[in-house]
Amino acid sequence: MLSTESVVALGRILRTVEPALDFTALRAAPGQLSGLAFSDRGRLVRDALLADLPAGYAPVDQLFRAALEREDFTGWMIWPVTEAVAVRATSADAPGGDFERGLELLALLTPRLTAEFALRTFLAADLARALETVSTWTKHPDEHVRRLASEGTRPRLPWAKQVREILARPEVTREILDALRHDDSPYVRRSVANHLNDVSRANPALAVDIATSWLADPADTTPQLVSHALRTLVKAGDPAAMALLGYAPPAALTVDGPLLSVEGVTVGESLEFTFDARNEGPDEVRLAIDYVVHHVKANGTLTPKVFKLTTRTLAPGESISLAKRHSFKPISTRRYYAGEHALELQINGHPFGRATFTLTTEA
């Protein structure tokens, strides 16, 4: 992503735009990238840019606005550029207008990659002041800028620094979400759903309240957006979220299973399971069907992880038979430990059945 080639290209572009500067630090940066993590690469290139440019915000603004005239000023090279803009525009000695000029420049840069990470610096520096500008982006003609309004203000934006005030008060971004929930762009609506999902982790009641208001005045795309936004609460079996989405307690549901294909599995292999479900009641029932794998931890205890499976609607007396193959292929975000694991179904937030199996870490 932020490769040696992209940093070399950035230097070439900027020297063409501003030949009076030789960009000594930026010239040296490509040779310093080896072995660095992605975020460390970004900081290194950001700091090189700041070291090469004259003091103050104005030189930064002038250089990067000029660079935007070039079509090849794009891609991952933009990330450290936006970070440099944020640092200079929010510095303690920056003149009053630099803050807004910096935000304006982020809006120009975001279509070339994204400025969502750099926006966090503005939000952390002065949340109210930043949100005043960001709120205007919800009416911007460019979908990338509209998405920036939602994505950059997410409470738990992946890879990004946390903005403690948004974490503590996720309601401060509600105006932005309300303005974008009917956006024509699926790209923007996806961000809105992910943002509301972040809100649900901090304040489930607030997320359900927002979703309830949206469903009371829906567009054709609203049900899908709300379903995606409340996915974490559905996995957690939150009663209010379940009720809002029409997943009532499955009192008349009978379940046979899960039935496992084998009694043991080795890391790298897959475990298949099947189950049958039947609606014994007199009314149609909507089902959100998940399954839970209880993984063995290093200390021998079990920790649950919920996985999405499917949704179904069963008429009175209707049955379904489903099968699923769960992979135990090694992944960077989970370490597997040998021992007795368990698998159970979760339907409309309620557990059904439980089967145990042995996981081994070596063949």
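Computed from a predicted model, the values in this text were never measured in an experiment.
V17 is not listed as a side-chain neighbour of F73, based on a closest heavy-atom distance of 4.5 Å or more. Side-chain contact check for N197 versus L230: every heavy-atom pair is 4.5 Å or farther apart. In this structure the side chain of L106 reaches within 4.5 angstrom of the side chain of F122, judged on heavy atoms. Proximity of V199 to P155: side-chain heavy atoms (C-beta onward) are separated by under 4.5 Å at one or more points. Using a 4.5 Å heavy-atom threshold, the side chains of L167 and R156 count as touching. Looking at E344 and Q346, their side chains never come closer than 4.5 Å, going by heavy atoms from C-beta outward.
Classification of D217 and R181 as a salt-bridged pair holds, one side-chain N sitting under 4.0 Å from a carboxylate O. A salt bridge between D61 and R65 is present, with a side-chain N of the basic residue lying under 4.0 Å from a carboxylate O of the acidic one. One finds a salt bridge joining E151 and R154 here, because a Lys/Arg side-chain nitrogen approaches an Asp/Glu carboxylate oxygen to under 4.0 Å. Salt bridge annotation for D183-R146: present, with a cationic side-chain nitrogen under 4.0 angstrom from a carboxylate oxygen. Using a 4.0 Å cut-off between a side-chain N of Lys or Arg and a carboxylate O of Asp or Glu, D178 and R174 qualify as a salt bridge. Between R101 and D98, no side-chain nitrogen of the basic residue sits less than 4.0 Å from a carboxylate oxygen of the acidic one, so the salt-bridge criterion is not met.
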Open item on the list: Using ring pair (Phe, Tyr, Trp, His ring centres under 6.0 Å), reason through F352 and Y291 one step at a time and then give a plain yes or no.
Closed with: CA-CA 9 Å; F352 284 87; Y291 66 97; over 10 Å; no
- [ ] Please assess S200 against T232 for the test side-chain hydrogen bond (donor to acceptor under 3.5 Å, both in side chains), listing each intermediate value before the final yes or no.
- [x] CA-CA 7 Å; S200 77; T232 295; 4.8 Å; no
TODO: Could you walk me through whether F273 and H326 pass the ring pair (Phe, Tyr, Trp, His ring centres under 6.0 Å) test, one step at a time?
DONE: CA-CA 8 Å; F273 64 91; H326 181 83; 7.9 Å; no
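No hydrogens or angles considered: nothing links the side chains of H341 and T356 as a donor-acceptor pair under 3.5 Å. A side-chain donor from one of S185 and E143 sits under 3.5 Å from a side-chain acceptor of the other. Side-chain atoms of T121 and K161 form a donor-acceptor pair, as typed in the model, at a separation below 3.5 Å. Side-chain contact check for R147 and H144: no donor-acceptor pair (N or O, by modelled atom type) lies under 3.5 Å. A donor atom on one side chain and an acceptor atom on the other are found under 3.5 Å apart for R312 and T310. Neither side chain, R112 nor T74, offers a donor N or O lying under 3.5 Å from an acceptor on the other.
Taking OG of S6 as the start and CZ of R41 as the end, the distance is 8.0 Å to the nearest 0.5 Å. Atoms NZ and CD, on K329 and E269 in that order, are 14.0 Å from each other to the nearest 0.5 Å. How far CG of L157 is from CG of L123: 10.0 Å, rounded to the nearest 0.5 Å. Between atom CH2 of residue W79 and atom CG of residue L2 there is a gap of 7.0 Å, rounded to the nearest 0.5 Å. Note that CZ of R88 is 5.0 Å distant from CG of L50, once rounded to the nearest 0.5 Å. Separating the CG atom in L343 from the NE2 atom in H294 is a distance of 8.0 Å, to the nearest 0.5 Å.
Figure legend: R286 and Y247 shown as a cation-pi pair, the cationic atom lying under 6.0 angstrom from the six-membered ring centre and within 45 degrees of its axis.
A donor-acceptor pair is defined here as one N or O able to donate and one able to accept, closer than 3.5 Å; such a pair exists between the side chain of T90 and the backbone of A86.
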